[in-house]
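Both counts, for ligands and for their atoms, begin at 1 and track the order of listing.
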Amino acid sequence: MISYGKQFIDQSDIDAVVDVMRGDWLTQGPKVQEFENDLKHYFGTKYVCAVSNGTAALHLAGIALGWTENDIIITSPITFLATANSIEYSGAKTVFVDIDKDNYTIDLNQVESKIKECYSKGQNVKAVIGIDFAGHPCDWVGLRALADKYDLQLINDNCHALGAHYNNQKTYAGEYADIVTQSYHPVKHITTGEGGSILTNDISIYNRISSLRTHGMTKDLDKMEKNDGAWYYEMIELGFNYRITDIQSALGSSQLKKLDSFIQKRSKIADKYNEHFSQIESFIIPSVKKNVKHAYHLYPIQINFEKLVINKSLLFDKMKSSGINLQVHYIPVHLQPYYRNKYGYEPGDFLVAEKFYEKEVSLPIYPTLDNADVSRIITDLTKYTR
Ligand SMILES: *Cc1c(COP(=O)(O)O)cnc(C)c1O
């Protein structure tokens with residue numbers, strides 16, 4: 001069965017993991033810091049804190065940035081639940097704004113009008129979370145300018161865009177956002193099984209997140225009230241066990257070496273899809289801005305089902321019976337019962353996102369998908385949507 005995403009694991013990955021398992025440390029050993037150093041080197045931020053998953057990374061970001069019930073955090077509804085949930089964990093209010101109709105990332109104009117609207121009601125907008133959806137970076141120059149103008153914190157939920165380029169740089173994420181979060185779930189670009197990290201250039205954010213990752217504990221003499229001896233530690237604030245293991249970190253370092261080649265393979269698949277589906281009238285291929293190199297975590301194609309005999313659900317069934325599992329990214333988060341019940345969001349609130357959801361289908365894209373697979377996906381999808 002072909003699915004929309006899948007990990008790539010080779011012998012060097014297996015060897016890296018086995019090596020750790022034969023050693024002294026399964027967790028909290030040297031591999032975590034090695035992985036963090038490798039990530040720093042690749043993504044160009046001063047500090048990296050690897051954690052147990054991408055959701056934990058977002059959760060800690062909200063705490064480290066001091067979000068409270070009085071704050072509004074703006075994000076877009078075309079994302080995985082975890083982005084918005086991280087706002088909810090902190091007690092702050094989740095406010096959605098619509099996406100850009102061309103690259104499906106948060107719409108800059110909508111962000112600014114929402115900020116103005118909130119201010120006019122006396123509400124405190126504290127931060128914006130942009131999602132580099134599918135692997136296409138947001139308009140980070142624009143978002144940074146807005147953040148500076150209105151004194152906001154800026155977070156990049158970068159889970160889809162490892163290895164993407166923005167203005168010719170794959171180190172863009174940490175240049176514009178105060179905090180960058182990543183996930184290393186097996187469907188993402190590189191995997192550690194479960195895993196994630198927080199990247200930042202701000203040492204105070206880094207220190208706080210490092211402590212929160214392990215119960216809010218510290219052995220830092222400058223932070224402790226006293227020191228009873230070598231065993232002594234203090235708990236400064238309520239933290240979590242959000243640690244990543246050495247086993248996972250060794251896998252992460254081994255995977256990171258292959259990230260560029262993964263992106264190349266994903267791009268080649270996207271080129272094939274683009275070449276074929278750009279010729280079909282009822283299909284819209286994902287557009288890519290000139291200053292962007294897409295990382296293609298997803299290949300989100302839009303199909304105008306209104307012009308077809310088949311509907312989306314039936315298409316999924318037909319494709320599944322030919323061994324191809326399609327997916328949809330995402331059900332707009334504002335339409336989830338939790339968010340509707342809590343905030344009163346309704347269908348029609350974010351029309352670009354909702355129209356996108358009606359049409360969107362994520363085609364399989366991952367490094368081990370071979371030419372024959374891609375051809376079969378193209379043939380079958382074309383056949384069923386004729
Ligand atoms: C995968 C993902 C997450 C959550 O990451 P986990 O490691 O699964 O917790 C958050 N945001 C986005 C956009 C994601 O794709």
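- In this structure, Tyr330 has its ring center no closer than 6.0 Å to that of Tyr357.
- For the pair Lys342 and Glu88, the salt-bridge criterion is met [side-chain N within less than 4.0 Å of a carboxylate O].
- Applying the 4.0 Å criterion to heavy atoms of Tyr330 picks out, from ligand 1, the atoms 15 (O).
- The N/O atoms of Ser183, backbone and side chain alike, include one that comes under 3.5 Å of an N/O atom in ligand 1.
- The proximity of Thr79 to ligand 1, defined as any non-hydrogen pair under 4.0 Å, is limited to the side chain.
- Near Asn53, meaning under 4.0 Å from one of its heavy atoms, ligand 1 places the atoms 7 (O), 9 (O).
- Using a 4.0 Å cut-off between charged side-chain N and carboxylate O, Lys272 and Glu275 make no salt bridge.
- Looking only at protein heavy atoms, the nearest one to atom 4 (C) of ligand 1 is Thr55 OG1, 3.6 Å.
- What sits closest to atom 11 (N) of ligand 1 on the protein, heavy atoms only, is Asp157 OD2, 2.8 Å.
- For a threshold of 3.5 Å applied to N or O pairs, the pair formed by Gly54 and ligand 1 contains at least one separation below that value.
- Between Tyr166 and Tyr176, the ring center distance clears the sub-6.0 Å criterion.
- Tyr184 has its ring centre less than 6.0 Å from the ring centre of Phe35.
- The ligand atoms of ligand 1 that sit less than 4.0 angstrom from a heavy atom of Thr83 are 11 (N).
- Taking the ring centre of Phe356 as origin, the terminal cationic atom of Lys101 falls outside the region bounded by 6.0 Å and 45° from the ring axis.
- The ligand atoms of ligand 1 that sit less than 4.0 angstrom from a heavy atom of His160 are 13 (C), 14 (C), 15 (O).
- In terms of protein heavy-atom proximity, atom 14 (C) of ligand 1 is closest to Lys188 NZ, 3.1 Å.
- Under the 6.0 Å cut-off for aromatic ring centres, His215 and Phe240 do not qualify, their centroids lying 6.0 Å or more apart.
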